[in-house]
Q: 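Questions regarding the structure given below will be posed in turn.
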Amino acid sequence: MQEFRLPDPGEGLVEADIVRWVVSEGDEVKVNDVLVEIETSKSIVELPSPWAGRIARLMVDEGTTVEVGTPIVLIDDGVGAGDEPAPAADSSAGVQPTVEPIFDEASGQVSVDAGGGSTATTDPSAEPAGDPESQSFLVGYGVKSSSLARRPRKSAGGIGKPIGPVSEQVQDAYQTDQPVSRPIDQATTTGPLTAEPTGEPLPRPGRTPRPASASRRALAKPPVRRLARDLGLDLDEVDGTGPDGTITADDVLAAAVVQRGAPAPSGVTSRVPLKGVRREMARTMAESFKVPTATVIMQADVTASMELVERLKARREFAGLRVSPLLIFAKAACLAIARNPDLNSTLDMAASEIVRNEDVNLGIAAATPRGLLVPNIKRANRMNLLELAEALHNMVQTAKSGRVPPEDMTKGTFTITNVGVFGVDGGTPILNLGESAIMCLGTIARRPWVVGKGAEEQIVIRSVCTLSLTFDHRLVDGELASKFLSDVAAILADPGLAMMF
C-alpha cells in the first residue's frame, strides 16, 4: 500500500483545493495516469500517479482544501499487506520513493519519473525510520512536525465524510469503548458494552429507501458540497434532479426544508469560501493598493489598426489564429517600451535599486470562471507579428480551460487589460504586484473625429479607443508615462510608423 501525498507542483505553495477526482475506488492505474485535478492560487494542475496499482481509497472529498504533504489517496501497489500503511513514525515503516515530478511546459501537465521503472517500491533501508522530517517524499510532500489529522475511515459504501453534529455524536457512540450508561444485566454481561450499528439505516419519513447500488458517492459539484456542509446535510441522503442524478443547489435547499420541517427563509444567501485564484487575487490586489500610483488617459484614433486587423485575417499565414485588435495593441506596447524602457522595470526597495528588465514578459489579464488570471508571454518584445499572434491565440485557449501552466503566471513585467470587450469605455486598473505599469484598453467605438489641419479640417467618423496607463509613481513619473502612451497611440493611428521604432 502506498499513500499518495499532496505535492507542491513547483509553485512553492502550502495548500491546494481538490477540484475533481479522475479515478474512483477500485480503478486500476498505471504510472503517470492522472489521479486528480487540484486548484492552486495560480492554476489547475493534474497530478499523476507515481505507482501502478489499484485505487484502494480516496481520502479527501472534492472541494476540500488540504495542505501540501497531506495523504489524499491510498494506492494498492501489491507491495506489503494490510489495509493501512504504517504511520510514518513507526520504526517498521518504509520510506516513500524519491520520485521527481516533471513539468511539461507545452502541455502544462505534471508527470513523474519513478527512477526508470513502471512502479516504485519502498526501501526500508534507504533512510533511518522514526523521524518523519528525515524521510524522502515526493517534491513538496514534506511532513510537518505536527501530526496530520487522519480522516474518518470510510463506510462500506463510499468515502467517509462528516455529516453534521448529530451524526458525529452517533458515530462517536458507535466507536466508544466505555460502558453504555444504562442498567445492564450483570449476570449476562461480563465486560463493557460497545454499541454496534446493525443492518441498513431506516429511511427518513416520506422517503423511499435507496437501493444498495446507490451507496456509491453522491454526484455533486464542489459549491454544492460546500452548501450541504454548511447546512449539515449528508449528500447521500439527497435526491439529485440534475443530469445522471447530479445533486444541485436547489436539491440541497429542498432537502434542508424537508429535514427541518419548516419553510426556507426568504432572502437565502450562500457563502462561497475564498480560495484558489480568487483568494490570491484578493491578497495581491490588497498588496498592490499600497503602491502609490497615478494614471494618464488619452483617446486614440485606431481606424488604421482596425483596417490592418482585417487584412491580417485574410492572409494565409494567420489562418486558424485568433486575430483581434489586441494583437496590434500588444505589438504597439512592446515597441513603445523599447523607446521608454523604464516602463518595464521593477523597484527593489531592499537594495535601493531599479531593476530594468531587458525582455518584456507581456501579461494579458483574462477573466475566467475561476477568477482573474494574468498569464504572460515570455520575451514578447522579440516576437514578430505572426509569432505574437500565435502566442496570444494559445494563451486565450489555455486560459479558457483554466489550465495555465504555473510558470506562465510568474515573472510578468508589463500587463495589458482589455475592458473594452465588456463595452466599457475605460478604467484605472490596479498594478500587478511587482510591475511598474499596466495599460487598459477601452471599447473601440465609431465616433466623430476631427482630421486635417487649418482649412482642411473636417469631422469624420473614426474608430476611437480610450487608453489609460496606471503606473508606479515611485518608478515612473508623469512625463515618462505620457510619452509611452503617446507612442502607443501614434502606432495605433498609423501602424506604418512602427518602422521608425
Side-chain angles (χ1 to χ4, degrees), residues 1-25 27 29 33-51 53 55-77 82-90 93-101 110 112 114 120 122 127 129-154 158-163 168 217 222 225-226 229 273-277 279-280 406:
M1 291 283 186
Q2 300 285 359
E3 274 187 347
F4 182 82
R5 299 171 181 264
L6 180 68
D8 173 8
E11 303 177 49
L13 303 175
V14 297
E15 65 182 17
D17 303 330
I18 304 298
V19 175
R20 182 176 70 92
W21 283 106
V22 179
V23 296
S24 302
E25 292 183 0
D27 287 355
V29 295
D33 280 356
V34 175
L35 298 174
V36 63
E37 292 179 353
I38 63 170
E39 179 180 6
T40 69
S41 61
K42 298 178 180 179
S43 61
I44 288 183
V45 179
E46 295 178 340
L47 297 182
S49 173
W51 304 289
I55 302 299
R57 179 153 62 101
L58 303 182
M59 307 170 75
V60 180
D61 292 334
E62 291 178 354
T64 303
T65 301
V66 294
E67 293 183 348
V68 167
T70 301
I72 60 175
V73 60
L74 189 64
I75 300 176
D76 183 357
D77 63 346
D83 295 330
E84 295 277 358
D90 190 341
V95 179
Q96 288 194 357
T98 302
V99 291
E100 297 289 340
V110 180
V112 296
T122 56
E127 291 187 27
D131 181 7
E133 296 291 338
S134 67
Q135 297 188 16
S136 299
F137 296 91
L138 287 175
V139 173
Y141 281 26
V143 179
K144 290 182 173 293
S145 57
S146 59
S147 60
L148 295 173
R150 184 173 295 281
R151 295 174 50 81
R153 291 179 63 87
K154 69 182 182 68
I159 304 173
K161 58 174 80 67
I163 55 176
E168 290 170 358
R217 190 168 184 270
R225 294 185 181 278
R226 288 193 291 268
R229 283 197 296 270
L274 187 63
K275 57 174 60 177
V277 170
R279 180 174 58 187
E280 182 67 9

Q: Does Trp21 reach the main-chain N or O of Glu37 with its side chain, forming a donor-acceptor pair under 3.5 Å?
A: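 Not at all, since once roles are kept as given, no pair shorter than 3.5 Å links the two residues.
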Q: CZ/Arg57 to CE/Met1 distance, rounded to the nearest 0.5 angstrom?
A: 9.5 Å
Q: Work out which heavy atom in Met59 is nearest to a heavy atom in Leu74; give both atom names and the distance.
A: SD-N, 3.9 Å
Q: Which one of Val19, Asp17, Val45 satisfies the side chain to side chain contact (heavy atoms under 4.5 Å, CB included) criterion with Ile38?
A: Val45
Q: Apply side chain to side chain contact (heavy atoms under 4.5 Å, CB included) to the pair Val36 and Val73, showing each step before the final yes or no.
A: CA-CA 10 Å; Val36 63; Val73 60; over 6 Å; no
Q: Side chains of Val22 and Leu35: does their closest heavy-atom pair fall under 4.5 Å?
A: no
Q: Out of curiosity, Ile55 CD1 to Asp33 CG, how far, rounded to the nearest 0.5 Å?
A: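 It is 9.0 Å, given to the nearest 0.5 Å.
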Q: Which heavy-atom pair separates Ser24 from Leu58 by the least distance, and what is that distance?
A: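 The pair with the smallest heavy-atom distance is CA-CD1, 4.4 Å.
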Q: Quick check on side chain to side chain contact (heavy atoms under 4.5 Å, CB included): which of Ser49, Pro71, Pro50 does Phe4 satisfy it with?
A: Pro50
Q: Hey, could you give me the CG/CD1 distance between Asp61 and Ile18, rounded to the nearest 0.5 Å?
A: 9.5 Å
Q: Can you tell me how far the CG atom of Leu6 sits from the CG atom of Leu47, to the nearest 0.5 Å?
A: 6.5 Å
Q: For residues Val68 and Glu15, report the shortest heavy-atom separation together with the two atoms involved.
A: CG2-N, 3.9 Å
